Protein chains: 2
Amino acid sequence: MKYHHGNLRSELIRCACTLCEEHGHDKISLRGIAKEANVSQTAPYRHFETKESLLAAVAAHGFVEMQKSIDKIIDLSKTNKISKKTLIDAMLAYLDFAISNNNIYEVMFGTVIKDFRNFPDLHNAALEAYSSLKLSIKRYIKLKNDQEYDEKCVKIWAFLHGLVGLNKIEQKLEDVPTTDGSYDMPIDALRAAKNNLVPFMNSSIDALIKS
Amino acid sequence: MKYHHGNLRSELIRCACTLCEEHGHDKISLRGIAKEANVSQTAPYRHFETKESLLAAVAAHGFVEMQKSIDKIIDLSKTNKISKKTLIDAMLAYLDFAISNNNIYEVMFGTVIKDFRNFPDLHNAALEAYSSLKLSIKRYIKLKNDQEYDEKCVKIWAFLHGLVGLNKIEQKLEDVPTTDGSYDMPIDALRAAKNNLVPFMNSSIDALIKS
DNA sequence: TATTTATGTTGACACTGTAAACATTTAGTA
DNA sequence: TACTAAATGTTTACAGTGTCAACATAAATA
């Protein structure tokens, strides 16, 4: 066991990602992450000023990975138009990343990191990810100007981001017997959407782009 | 100063709401809330099993208030159809509540409370709020069946919830000069949407309902 | 080789959520 | 009304947290 780790910074990020995804950002401690990396409690402070800044690195990594999974679908090596199916696939890739990396997504978009401007890498990664989202729309449909692309992109992004949020809600609500009818069932509705995700997305995304 | 407070439970919820909205749920402590209510550190434990359960009460209160602000728009005393403007106003009421009670909204929809089933009042309030959202759509347009209402409602809810999320993001991103063009500007797009919120909502909600 | 810098450890501090033991007030019953 | 049980408050204590200061060692540089 050598005194200097050699790769501690990236190892800490890796451990933080793992633990965060497993337990949620609010259930993990800097000490726990340090232990996972087999270093002393305060070793992380040689690489990260605060816990927040380590989580910022986790978030940045998340944005990069999310962007990759979108880019893979729309095939960055080309510049031609993409089909509607490909567009939807890209949106599904967003959802898929968000849901299978739920706790990291929370760090990316939640209140843990108060201001991205304090973390240039994160700020960068977030803007880049938005770029890919916008690019997928650009490659799908011809619009008047950049502003119009931004408007559609924000609408679609909001919709996707909202679906991710509702997916979390679903897991917190109960299966209430639907007999009495005094309550409506958002859960059933959410599950129905998930069980028919492709047509659900097809109609919604199309409507938003043309709105 | 009497030994028994008399109204400590509701007073704690009130203090928690205030402090939470001011500093965010992750920056407030049970001890701080107790101090705000002028009781000892552990007094809250006579009314709430854990910090989570106090925050659950905060969230429940939030759902009730949010529902009220929607109900006020669609006027529960009547049952007739509502205009498109009224529908949009109801959606704007949702956004308005979410944004002016940002930190409480975070408690309502974030990961703080893991399972609503542990907090019947909260579970109740959340379902009730969904009811009002759905009702506003029911009063706006005639659809085939309840399932169809649920589908539209989920779409619109996702969209609204997503917009709230993006509004948070906007505050974290930088004003980057748009000259070089190497990045796209989600911030500008988000601000543009906010500056023209009514037409933005009009087109989006309409598109989603008809999708 | 000598010295500065980077990177690690140990120990300490104030703060957190929460449990246990104890005190006081209120409610309920004889 | 007197006595007891329950509800509601306080004090004390504990383990876990983020972070700082002081110290130790390895690596880089002169």
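First the proteins, then the strands, lettered A, B, ... as listed; each starts at 1. The structure presented is a predicted model; accordingly, all values stated were derived computationally and were not measured.
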Angle between ring planes, B:Trp157 versus B:Tyr130, binned at 30° and 60°: parallel, tilted or perpendicular?
tilted
Are A:Glu151 and A:Lys155 ion-paired here, with the side-chain N under 4.0 Å from a carboxylate O?
yes
Would you say B:His47 reaches D:dG9's phosphate, i.e. side-chain N/O to OP1/OP2 under 4.0 Å?
yes
Measuring centre to centre across the rings, with the benzene-like ring taken for any Trp, is B:Tyr105 within less than 6.0 Å of B:His161?
yes
Less than 6.0 angstrom separating the ring centers of B:His123 and B:Phe63, yes or no?
no
Take the C1' atoms of the five end pairs on each side of the helix from C:dT1-D:dA30 to C:dA30-D:dT1, get both axes, and report the angle to 10 degrees.
0°
Whole-Å distance, B:Phe48 CZ to D:dT8 P, equals 12 Å
Figure out the CD1/P separation between B:Ile33 and C:dT16, and round it to whole Å.
11 Å
Would you say the side chain of A:Glu65 lies within less than 4.5 Å of the side chain of A:Asn101, judging by non-hydrogen atoms?
no
What's the NE2-P distance between B:His25 and C:dG17, to the nearest Å?
13 Å
Check the distance between D:dG9's P and B:Asn38's CG and give it to me in whole angstrom.
13 Å
For B:Asn7 and D:dG9, what is the distance between atoms CG and C1' respectively, to the nearest whole Å?
15 Å
Across nucleotides 16-21 of chain D, 5' to 3', mark each nucleotide with B, S or - according to how protein heavy atoms within less than 4.0 Å reach it.
-BBBB-
Pair B:Glu52 + B:Lys114, salt bridge at N-O below 4.0 Å
yes
NZ/NE/NH1/NH2 to OD/OE distance under 4.0 Å, B:Glu106 and B:Lys168:
yes
When you look at NE2 of A:His25, are more than 12 heavy atoms from neighbouring residues, nucleotides or ligands closer to it than 6.0 Å?
yes
